[in-house]
Amino acid sequence: TAGRLVIIGGGFGGATAARFARINYPQVEVTLIEPWPTFITCPYGNLILGGKRRLPQITHSYDGLRARGVNVVQDRAADIDPVAKTVALESGAVLGYDKLIVSPGIGFRWDAIEGYDEAAAQLFPHAWMGGDGSQISLLRQQLEAMPQGGVFGIAIPGNPFRCPPGPYERISMVAHYLKQNNPTAKILAFDAKDGFSKQGLFQDAWGELYGDMIEWVPLNADGRIVRVDVENKLFISDFGQEHRVDVGNVIPPQQAASIVRDTGLANDTGWVPVDARSFETAAAADVHVIGDANIASPLPKSGYVANSTAKVAVAAALADMTGTAAPSDPVYFNTCYSHGGEDYSFSVVGVYRTTDDGFVETPDSGGISPRGPLSELAENRRLESGYADAWYDSITRDMFS
Ligand code: FAD
């Protein structure tokens, strides 16, 4: 073979990279390290809350990658030695690499909200990582068990975090469920920001579909939750206001996953600086970090971006080894669909290029779904729901088939 590509993390970035490498560089040996036996997507996880999907529909097998010749190792990367060019696994095995792609996603800042640790997440779920699916399942069970007229509280972090529109799609899908099953219930959304992605579109949807069920509390109205009391089911704000909730969904502030922080690849922001054309890290040659773990603003931390950038990272990493051209002027894409309700979706699109200093949004590209009265836009919103479903099917095929 021409050389060994090792990939850490079998999610949006890593699975895409593995499949793309096998198809386009068959002379390269590809190993994918992932601790979970299957991958449960965060995208479409909110639709489980809304009752529009069930867990098996968002669970994906690694068999398709195995059939393409990817060596899938079910283990966790414990350490990276960029000098010896090895990855140590939790099981004790050590894998050598010529090029390493790392796409481990996010970790939580467990110290950021007082009282919110891994044990507290069993009572106030975050449901912000796929894992074994237990978090999203727990949140769905709690929603179903909520008393009539109860309060669903959600605590939303400041920037940057995984999936900027994700919390607001979640609010919408919870409201969709409650409207049918618990119509006097309330959603209290506490935000550590004063504005959010697709805000006008979401707030239009909430008003049109759910009346006054949803109350969004921004930072400037004391929206930042700084402490939780899981036993008494309380959210406590910056200024000491206590809010009782029946179900509490806490999305904690985030950073890159531990494997890139513990190995010195991340800087003091907790995220990993990378070269915009190759995703190689400044800290270690031949190590490329893609997906949510890196710093690529203004690109959002999305599955779409992880997929789009994975291909460029592979082409850059494998160019010398395979005698192929490295991408010199790459273009990155993002489309984030959000489900507001039944047959009611909208999207934001971004196109990005690189400069010597980093990433820039291409002027006059991209855009956002139109706003206006539902009477005029119903067909548009319905069509976008179909586009969203098609996006989900095609991106997961581009990762796992
Ligand atoms: P992941 O996809 O999370 O993959 C990381 C993988 O690495 C995991 O499988 C993990 O187990 C593994 N891993 C971690 N540490 C190690 C280690 N030490 N060794 C080996 N493996 C390891 N994006 C969109 O584009 N569209 C959407 O509609 C959308 N909706 C979303 C809705 C919600 C509710 C949420 C939470 C997110 C949503 N996203 C969406 C964002 C998307 O999920 C992430 O941006 C995407 O998963 C990032 O890809 P990644 O490869 O960085 O991380």
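Values reported hereafter were calculated over all heavy atoms of this structure, with side chains retained and with hydrogens, waters and symmetry mates removed. Just so you know, ligand 1 is whichever comes first in the structure, and atom 1 is the first atom listed for that ligand.
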**Asked** Looking at ligand 1, does any of its N/O atoms fall within less than 3.5 Å of an N/O of S103?
**Response** yes
**Nearest-option assignment for atom 21 (N) of ligand 1, heavy atoms, candidates G14, P35, G166, P43** = P35
**Request:** Return the residue, atom name and 0.1 Å-rounded distance of the protein heavy atom closest to atom 11 (O) of ligand 1.
**Result:** E34 OE2, 2.8 Å
**Item:** Location of contacts on R170 toward ligand 1, heavy atoms closer than 4.0 Å
**Value:** side chain
**Item:** Polar side chain donor-acceptor pair, D343 to S385, under 3.5 angstrom
**Value:** no
**Contact check: A257 vs ligand 1, nitrogen or oxygen atoms, below 3.5 angstrom** = no
**Asked** Should I259 be counted as touching ligand 1, given the test is an N or O pair under 3.5 Å?
**Response** no
**Prompt:** Counting heavy atoms only, which of Y337, W128, F161, Y392 comes nearest to atom 36 (C) of ligand 1?
**Reply:** W128
**Asked** Heavy atom under 4.0 Å from ligand 1: found in R76's side chain, backbone, both, or neither?
**Response** both
**Request:** Pick out which of D357, D356, D329 makes a salt bridge (Lys or Arg N to Asp or Glu O under 4.0 Å) with R277.
**Result:** D356
**Item:** Any W391 heavy atom less than 4.0 Å from ligand 1
**Value:** yes
**Item:** Protein contact to atom 44 (C) of ligand 1 [nearest heavy atom, distance to 0.1 Å]
**Value:** D292 OD2, 3.3 Å
**Message:** I want to know if ligand 1 touches G13 in the polar sense, i.e. an N/O pair below 3.5 angstrom.
**Reply:** yes
**Audit row: V30, Y25, side chain to side chain contact (heavy atoms under 4.5 Å, CB included) steps and yes/no** = CA-CA 10 Å; V30 179; Y25 305 89; over 6 Å; no
**Message:** Taking distance alone, with N or O pairs closer than 3.5 Å, would you say G303 contacts ligand 1?
**Reply:** yes
**Fill in**
Within the 4.0 Å heavy-atom cut-off, what N334 brings close to ligand 1 is neither
